[in-house]
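Input: a single structure, listed below in structure tokens.
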Amino acid sequence: MTDIPRFHPRYASLVARERVAAGVKSGFTSSQGLIAQGRGECFDYLLGEKTTESAAVATRAAAALLLLAEHPALSVNGNVAALVPEEMVALADALGALLEVNLFHRSEERVKKIADLLRASGATEVLGENPNAAVSGLEHARALATRGGIYDADVVLIPLEDGDRCEALAAMGKKVIAIDLNPLSRTARKATVSLVDNILRAVPNLTAQVKELSPLSRSDLEKIVLEYDNERTLRQAVEEIRNHLQAQFKEHQRG
Ligand code: ATP
Ligand code: MG
């Protein structure tokens with residue numbers, strides 16, 4: 001990896017970029033993953049590269065939804081594997097949820113590499129290498145899923161997922177939690193709960209919330225979910241971007 005000076009003002013962002021590039025070099029992230037990362041960086045920049053208030057509220061609702069789930073499943077693609085492999089395993093452990101490799105540009109080699117990486121990161125069980133079901137409404141390679149995993153899950157976490165797949169999973173009656181920095185994306189709009197936050201911050205925050213909320217009763221968790229409004233969250237996220245930009249603009253005018 002390139003040596004990035006620790007004092008660089010955008011250190012975290014540059015490290016993330018290096019990690020995705022390393023994922024491409026190792027063959028588990030697709031080259032398109034670099035473009036997705038670039039898009040994410042842009043939105044993170046507009047948000048001020050921090051977890052906003054609305055993202056914190058969404059994270060709490062997502063944790064409640066996952067704790068209420070009978071069969072939660074966590075989807076992992078090449079960018080997720082490059083950025084937060086250990087953090088995804090920690091979240092799966094905290095929930096007793098299954099991890100399933102699920103790729104937009106599927107190749108058996110990449111699926112195996114990601115599954116191996118998750119196992120090396122401490123996962124005991126990883127699905128996705130032997131899909132045996134199809135999500136309806138998607139073309140063949142993208143529809144592939146595993147029984148007992150995403151296919152049968154009642155709540156699915158889909159970080160950095162595309163809009164069609166998000167919609168298809170929701171159409172199966174699943175509750176879908178997206179992690180997507182773009183509050184205007186189809187993914188964010190179709191999900192039950194959208195975490196408009198960088199996956200680097202969102203996954204550890206989500207695990208912390210799962211641990212914090214786990215002593216709550218089902219009815220208390222249900223209350224958190226009922227009070228949550230995803231449209232309101234997405235409107236707030238856009239407002240947070242606007243406020244951040246206005247503050248930046250004022251600073252530039254002064255300086
Ligand atoms: P749409 O959902 O509108 O169809 P898309 O799915 O075609 O858009 P992509 O560029 O393929 O868009 O998807 C990547 C999405 O993932 C973008 O919305 C981007 O903001 C988001 N993203 C990329 N990197 C990260 C990251 N590190 N953390 C969170 N979200 C990210
Ligand atoms: Mg999308």
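Excluded from the calculations below are hydrogen atoms, water molecules and symmetry mates; all remaining heavy atoms, backbone and side chain alike, are included. Numbering of ligands and ligand atoms starts at 1, following listing order.
- At distances below 3.5 Å, not a single donor-acceptor pair connects side-chain atoms of Arg189 with backbone N or O atoms of Gly163.
- Between the side chains of Thr52 and Glu240, at least one donor N or O lies within less than 3.5 Å of an accepting N or O.
- With sequence neighbours left out, Thr124 forms a side chain to side chain contact (heavy atoms under 4.5 Å, CB included) with no residue at all.
- Ligand 1 has an N or O atom lying under 3.5 Å from an N or O atom of Thr187, backbone or side chain.
- Applying the 4.0 Å criterion to heavy atoms of Ser185 picks out, from ligand 1, the atoms 2 (O), 3 (O).
- Close contacts between ligand 1 and Asn182 involve ligand atoms 18 (O), 20 (O) [criterion: under 4.0 Å to a heavy atom].
- By the 3.5 Å distance cut-off applied to N or O atoms, Leu160 is not counted among the residues near ligand 1.
- Under the rule for a salt bridge (charged side-chain N to carboxylate O under 4.0 Å, His left out), the partners of Glu167 that lie at least two apart in sequence or sit in another chain are Lys190.
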- Message: Run Asn77 and Glu161 through side-chain contact (heavy atoms from CB on, under 4.5 Å) and show every step you take.
- Response: CA-CA 8 Å; Asn77 65 22; Glu161 181 58 88; 5.8 Å; no

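- A donor-acceptor pair under 3.5 Å is absent between the side-chain atoms of Asn198 and the main chain of Arg201, judged by distance alone.
- Side-chain polar atoms of Thr59 and Gln209 form no donor-acceptor pair below 3.5 angstrom.
- Short contacts between ligand 1 and Gly40, defined as distances under 4.0 Å to a heavy atom of the residue, involve ligand atoms 19 (C), 20 (O), 22 (N), 23 (C), 24 (N).
- Distances below 4.0 Å separate heavy atoms of Arg39 from the following atoms of ligand 1: 5 (P), 7 (O), 8 (O), 9 (P), 10 (O), 12 (O), 17 (C).
- At least one heavy atom of Asp197 sits closer than 4.0 Å to an atom of ligand 1.
- Every atom of ligand 1 is numbered from 1 in the order shown, and the set under 4.0 Å from a heavy atom of Asp162 is 6 (O).
- When each atom of ligand 1 is checked for a heavy atom of Ala36 under 4.0 Å away, the hits are 10 (O), 14 (C), 23 (C), 24 (N).
- For ligand 1 and Asp180, the ligand atoms under 4.0 Å from any heavy atom of the residue are 15 (C), 16 (O), 17 (C), 18 (O), 19 (C), 20 (O), 21 (C), 30 (N).
- In this structure, Asp44 contributes its side chain and Leu181 its backbone to no donor-acceptor pair below 3.5 Å.
- Of the N or O atoms in Leu83, none lie within a sub-3.5 Å distance of an N or O in ligand 1.
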